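Sharing a structure with you now.
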Amino acid sequence: MNLHPLAVRIAHWVNALAILLMVLSGWRIYNADPLFGFTFPKDWTLGGWLAGALQWHFAAMWLLFANGVAYLAYGILSGHFRRKFLPFSPRAALRDALDALRLRLKHDDLSVYNAAQRAAYLGAIALIVLLVLSGLVLWKPVQLYALGMLMGDYEGARYVHFFCMAGIVLFVLAHVTMVALVPRTFSAMITGRLRRAP
Amino acid sequence: MSMGERIRPHRGPRLASLERRLFLRQGLSLGALALLSGCELRDSESVQGMLDAMSGWNDGVQSWLFSPTRLAPEFPESRITTPFPFNAYYGRDEIRRVDPGAWRLEVGGMVRDKRAWTLAELNRLPQVSQVTRHICVEGWSAIGKWSGVRFSEFLQRVGADLTAKYVGFKCFDDYSTSIDMATALHPQTQLSLRFADQLLPPEYGAPLKLRIPTKLGFKNPKHIAEIFVTNDYPGGYWEDQGYNWFSGS
């Protein structure tokens with residue numbers, strides 16, 4: 001059975017690469033003037049020094065942006081989002097998430113996202129949109145002043161950008177953990193097909 | 001943490017060049033790791049070439065986004081950051097000083113009148129003030145008050161070719177930078193003679209700095225010795241080491 005259309009698989013892996021580059025270079029940029037009382041270990045960062053990290057960040061942002069726009073356009077126009085994410089119920093999402101934590105969540109048909117997955121994937125999309133918007137404010141606080149005022153101007157946007165990054169990192173950790181628990185979902189995101197359950 | 005503790009001066013040039021070499025090596029390993037998906041961008045030269053090309057592309061995008069009339073936000077004086085942070089590519093102990101009476105501003109390149117200016121002559125030009133936010137490439141920001149001569153006014157007085165591409169700055173602390181003509185002519189771009197209503201102190205660039213609230217802090221040269229107008233890309237101290245040239249806000 002075809003679980004993931006080719007467009008979704010390409011968008012997924014391009015996005016994974018873009019997020020990796022953005023987060024690792026972003027940590028090095030954060031280290032130049034930490035918002036909180038810690039810095040990221042230098043070995044976990046990309047770019048080597050501030051200018052290098054900025055170069056990576058401002059190059060990879062185009063990958064993230066172009067891929068994200070193509071994915072959103074595909075998801076909306078093809079009906080992919082409607083089929084996979086709707087209907088969406090916060091109460092069901094909470095119930096499924098709690099069941100999953102207690103290892104009680106049944107998930108026999110992997111082609112249908114449960115409510116916790118729908119919440120997580122929609123949340124990840126929303127976080128990336130917010131990351132792009134707050135990133136634009138940090139990059140162009142004067143030209144995009146009106147957008148910046150929605151998130152507390154330049155200084156507020158720094159916090160929005162940081163917490164959305166933290167949210168995406170938590171999402172990735174949970175996402176990779178779930179894939180490790182159900183390994184055949186990994187090959188499905190490459191081939192599009194699901195191997196039979198053992 | 002107080003502002004003063006949080007702000008570290010930019011690293012010195014020797015350290016910076018060492019870090020740049022480390023960056024190239026690290027760029028190689030992490031870049032190769034990240035680009036394992038069949039790409040040929042495995043050696044640091046081509047990775048660096050791609051990053052430089054993207055930086056050039058971003059110069060173009062920023063120049064397109066830049067509005068010559070949109071003003072940077074101005075703030076009430078109550079929001080001024082005190083103490084205002086000191087920042088340079090060297091530490092406080094190396095701040096350069098000059099005799100204001102002996103100092104001259106050299107003017108060169110594509111201008112009609114190449115006569116050097118004294119501080120007194122600059123002080124006699126019409127003066128304007130602004131309370132704007134200075135944003136450092138490191139991420140921090142601080143609000144300050146600068147007063148001086150509108151830069152477009154100065155460029156017109158010296159008969160600068162306003163169709164030229166670049167205005168370059170050479171500073172007597174061996175710093176240099178350059179900006180696009182559109183930004184040079186922006187109404188808030190200012191040749192600053194005063195900071196917080198006092199004569200510009202050495203730590204903030206005495207006797208003359210260029211204040212550009214639509215660009216990052218490192219594009220605001222202090223201790224200016226020479227201004228020149230040119231069509232040949234002049235680069236700059238940080239720009240030559242990899243910081244994005246346009247660096248607009």
Side-chain angles (χ1 to χ4, degrees), chain A residues 10 13-14 16-26 28-37 42-63 65 136-146 148-149 153-159 161-162 190, chain B residues 1 6-8 10-11 15-16 18-31 33-37 39 47-48 50-55 57-58 61-62 65-67 70-73 132-133 135-141 186 188 213-215 238-239 241-244 247-249:
Chain A
I10 293 174
W13 290 111
V14 173
L17 172 65
I19 292 286
L20 178 77
L21 296 176
M22 292 304 275
V23 168
L24 295 184
S25 57
R28 182 62 191 81
I29 296 167
Y30 167 96
N31 283 356
D33 183 52
L35 286 175
F36 304 102
K42 201 171 172 184
D43 289 346
W44 298 1
T45 67
L46 176 63
W49 71 309
L50 177 57
L54 287 165
Q55 283 195 339
W56 277 104
H57 211 68
F58 289 142
M61 73 178 183
W62 291 104
L63 190 65
F65 180 73
L136 282 169
V137 169
L138 295 178
W139 190 42
K140 294 279 148 271
V142 173
Q143 309 304 321
L144 302 176
Y145 182 69
M149 289 317 281
D153 206 354
Y154 174 80
E155 286 292 336
R158 296 183 73 192
Y159 288 89
H161 205 61
F162 179 89
I190 297 170
Chain B
M1 258 184 291
R6 270 177 49 202
I7 288 140
R8 296 157 308 283
H10 277 302
R11 53 200 67 71
L15 185 57
L18 175 67
E19 284 207 0
R20 182 168 168 79
R21 281 200 297 276
L22 288 172
F23 147 61
L24 286 170
R25 222 168 54 204
Q26 197 164 343
L28 169 63
S29 56
L30 271 170
L33 184 76
L35 298 163
L36 273 177
S37 50
C39 291
V47 170
Q48 190 52 54
M50 178 201 65
L51 293 175
D52 288 342
M54 285 309 293
S55 194
W57 156 262
N58 281 329
V61 172
Q62 292 177 90
L65 277 174
F66 177 76
S67 158
R70 184 175 291 116
L71 299 182
T132 50
R133 177 190 279 130
I135 297 175
C136 179
V137 68
E138 293 175 330
W140 54 268
S141 73
H186 185 275
Q188 288 171 312
T214 56
K215 282 200 190 291
W238 286 117
E239 294 86 338
Q241 298 183 57
Y243 283 91
N244 174 259
S247 285
S249 292

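Below, chains carry the letters A, B, ... as their sequence lines are ordered, and counting in each starts from 1. All heavy atoms count here, side chains included; hydrogens, waters and symmetry mates do not. As the structure is a computational prediction, the values presented were derived from the model and not from experiment.
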* **Test side-chain hydrogen bond (donor to acceptor under 3.5 Å, both in side chains) applied to Asn244(B) - qualifying residues, sequence neighbours left out** =>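 Per chain and number, Asn244(B) pairs via side-chain hydrogen bond (donor to acceptor under 3.5 Å, both in side chains) with Ser55(B), Asp59(B), Gln62(B).
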* **Beyond-backbone contact of Trp56(A) with Val47(B), side-chain heavy atoms, under 4.5 angstrom** =>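 In contact.
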* Minimum heavy-atom distance between Gly139(B) and Asp33(A), given as atom pair plus value ->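 Reported closest heavy-atom pair: C-OD2, 3.9 Å.
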* Please assess Met61(A) against Asn58(B) for the test side chain to side chain contact (heavy atoms under 4.5 Å, CB included), listing each intermediate value before the final yes or no. => CA-CA 11 Å; Met61(A) 73 178 183; Asn58(B) 281 329; 3.7 Å; yes
* Verdict with supporting geometry, Trp62(A) and Val61(B), side chain to side chain contact (heavy atoms under 4.5 Å, CB included) -> CA-CA 11 Å; Trp62(A) 291 104; Val61(B) 172; 3.9 Å; yes
* **Rounded distance (nearest 0.5 Å) linking atom OG of Ser249(B) with atom CH2 of Trp139(A)** =>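 Atom-to-atom, Ser249(B):OG and Trp139(A):CH2 are 11.5 Å apart.
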* Heavy-atom neighbours of Phe162(A) CZ exceed 12 at 6.0 Å ->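 Yes, CZ of Phe162(A) has more than 12 neighbouring heavy atoms, counting only those of other groups under 6.0 Å.
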* For Leu71(B), is it the side chain, the backbone, both, or neither that has a heavy atom closer than 4.5 Å to a heavy atom of chain A? ->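 Just the backbone, heavy atoms under 4.5 Å.
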* To do: With a 4.5 angstrom heavy-atom cut-off, could you sort out which part of Tyr145(A) is near chain B: side chain, backbone, both or neither?
  =>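 Interface part for Tyr145(A): side chain.
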* **Euclidean distance, Leu50(A) CG relative to Trp238(B) CH2, rounded to 0.5 Å** =>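 Output value for this atom pair is 9.0 Å.
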* Step by step, would you call Met54(B) with Phe58(A) a side chain to side chain contact (heavy atoms under 4.5 Å, CB included)? -> CA-CA 8 Å; Met54(B) 285 309 293; Phe58(A) 289 142; over 6 Å; no
* Which value, rounded to the nearest 0.5 Å, describes the distance between Ile135(B) atom CD1 and Leu138(A) atom CG? ->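 Answer rounded to 0.5 Å: 8.5 Å.
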* **Under the ring pair (Phe, Tyr, Trp, His ring centres under 6.0 Å) test, residues paired with Tyr159(A) that sit two or more places apart** =>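 With neighbours one apart ignored, the set is Phe36(A).
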* Asked: Arg70(B) side chain to Val142(A) main-chain N or O, any donor-acceptor pair under 3.5 Å?
  ->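 Checking the backbone N and O of Val142(A) against the side chain of Arg70(B), no donor-acceptor pair under 3.5 Å is found.
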* Do Tyr243(B) and Trp49(A) have ring centres separated by under 6.0 Å? ->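 When the ring centroids of Tyr243(B) and Trp49(A) are compared, they turn out to be within the sub-6.0 Å range.
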* **Region of Trp13(A) that comes under 4.5 Å of a non-hydrogen atom in chain B** =>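 Looking at Trp13(A), nothing touches chain B.
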* side chain to side chain contact (heavy atoms under 4.5 Å, CB included) between Ser67(B) and Gln143(A), worked out -> CA-CA 7 Å; Ser67(B) 158; Gln143(A) 309 304 321; 3.6 Å; yes
* Which region of Ile29(A), side chain (C-beta onward) or backbone (N, CA, C, O), has a non-hydrogen atom less than 4.5 Å from a non-hydrogen atom of chain B, or is it both or neither? ->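 Interface part for Ile29(A): backbone (N, CA, C, O).
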* Side chains of Ser141(B) and Glu155(A): is there a donor and an acceptor less than 3.5 Å apart? ->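 Result is yes, a qualifying pair exists.
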